[in-house]
Amino acid sequence: SELVKIGKYYHEQRQQNLTEKDKDTEIMIESIKLDSIEEDYVIEYKKKNSSEDSAKAQLLYYLYQLKQKGVIKKGILKFKESKKDIEIELTPDNEKYILELMHKTETLLQSDKIPSVINKPKCKKCAYYEYCYS
């Protein structure tokens, strides 16, 4: 997807502008790639906040996975275009929410039935557009 390519470009640009010390903040944990991890926070960088809910869910998932490994952190979403930062915390309600999303995802993946296309305007800008409309 063109959007994924743009995201990778922004990531590469950010990496080029970091000092050598700061380049070490990106961490891979199993299948998760954290943009940056600092003393108290996991930081996730996004181009813009048009899909803020999914970005929040992604960061909550990261925080949940870290918690399972005994690492308790808060999160910050940093949106490049709007220069907006959102602090995210894995509260009991947020943990319940992310567990529900994980369960729904597992159910979907194990199902033989393909869900119907949502067909909303936001779909045209989604990185997964080709999967739904091909």
Side-chain angles (χ1 to χ4, degrees):
S1 143
E2 201 62 33
L3 295 171
V4 173
K5 289 177 188 175
I6 291 169
K8 285 182 180 181
Y9 171 77
Y10 278 135
H11 176 76
E12 289 167 7
Q13 291 298 308
R14 184 178 161 274
Q15 289 298 310
Q16 288 175 3
N17 293 328
L18 294 175
T19 64
E20 285 306 312
K21 176 185 169 262
D22 290 336
K23 284 184 182 179
D24 294 336
T25 60
E26 184 178 82
I27 293 177
M28 185 82 171
I29 301 173
E30 294 173 3
S31 63
I32 300 170
K33 192 180 222 179
L34 305 174
D35 286 345
S36 181
I37 190 164
E38 296 178 359
E39 192 170 318
D40 296 325
Y41 292 95
V42 172
I43 301 172
E44 182 67 21
Y45 296 92
K46 297 294 182 187
K47 178 184 172 202
K48 56 184 176 179
N49 59 333
S50 59
S51 57
E52 196 173 295
D53 290 339
S54 59
K56 285 179 183 177
Q58 178 184 0
L59 187 50
L60 284 172
Y61 176 75
Y62 292 170
L63 296 174
Y64 174 79
Q65 291 300 321
L66 287 171
K67 181 181 177 186
Q68 299 311 299
K69 296 176 183 337
V71 178
I72 307 298
K73 300 274 186 195
K74 293 180 183 176
I76 298 178
L77 287 170
K78 291 186 170 275
F79 296 99
K80 180 177 176 61
E81 289 183 359
S82 66
K83 295 183 172 101
K84 179 179 177 183
D85 294 352
I86 300 173
E87 189 171 321
I88 305 286
E89 196 169 344
L90 189 64
T91 63
D93 284 343
N94 282 340
E95 189 167 341
K96 181 180 175 190
Y97 167 72
I98 206 64
L99 287 169
E100 288 171 359
L101 282 180
M102 290 167 59
H103 175 72
K104 287 179 183 178
T105 303
E106 282 300 319
T107 301
L108 177 66
L109 291 171
Q110 293 175 11
S111 173
D112 291 334
K113 185 180 174 194
I114 297 172
S116 58
V117 175
I118 299 168
N119 210 13
K120 294 193 175 187
K122 67 180 180 180
C123 294
K124 291 178 182 156
K125 297 179 181 180
C126 178
Y128 299 102
Y129 180 87
E130 293 299 321
Y131 290 109
C132 296
Y133 291 90
S134 59

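These values consider heavy atoms only, across backbone and side chains, with no hydrogens, waters or symmetry-generated copies.
- The CG atom of Leu63 lies 10.0 Å from the CD atom of Glu44; values are rounded to the nearest 0.5 Å.
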Run the side-chain donor-acceptor check on residues 64-79: report pairs under 3.5 Å with partners two or more places apart or on a different chain.
| from | atom 1 | to | atom 2 | distance (Å) |
| --- | --- | --- | --- | --- |
| Gln65 | NE2 | Tyr61 | OH | 3.4 |
| Lys67 | NZ | Glu95 | OE1 | 2.7 |
| Lys69 | NZ | Glu30 | OE2 | 3.0 |
| Lys73 | NZ | Glu38 | O | 3.1 |
| Lys73 | NZ | Glu39 | O | 2.4 |
| Lys78 | NZ | Asp85 | OD2 | 3.1 |

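- For Ile118, the CD1 atom counts as loosely surrounded, since its 6.0 Å shell holds 12 or fewer non-hydrogen atoms of other residues, nucleotides or ligands.
- Closest approach of Glu89 to Leu60, counting heavy atoms only: O-CD2, 3.7 Å.
- Asn119 meets the side-chain hydrogen bond (donor to acceptor under 3.5 Å, both in side chains) test with Tyr133; sequence neighbours excluded.
- A distance of 13.0 Å separates CG in Asp93 from CD1 in Ile98, rounded to the nearest 0.5 Å.
- Remark: Ile114 pairs with no residue by the side chain to side chain contact (heavy atoms under 4.5 Å, CB included) rule, at least two apart or across chains.
- Taking all atoms of both residues into account, the shortest heavy-atom contact from Tyr45 to Asp35 is N-OD2, 2.8 Å.
- The side chain to side chain contact (heavy atoms under 4.5 Å, CB included) with Leu59 is formed by just one residue from the set Leu90, Leu34, Val42; it is Val42.
- For residues 100-114, there are no salt bridge (charged side-chain N to carboxylate O under 4.0 Å, His left out) pairs, not counting sequence neighbours.
- Checked against side chain to side chain contact (heavy atoms under 4.5 Å, CB included), Thr107 has the following partners two or more places apart in sequence or in another chain: His103.
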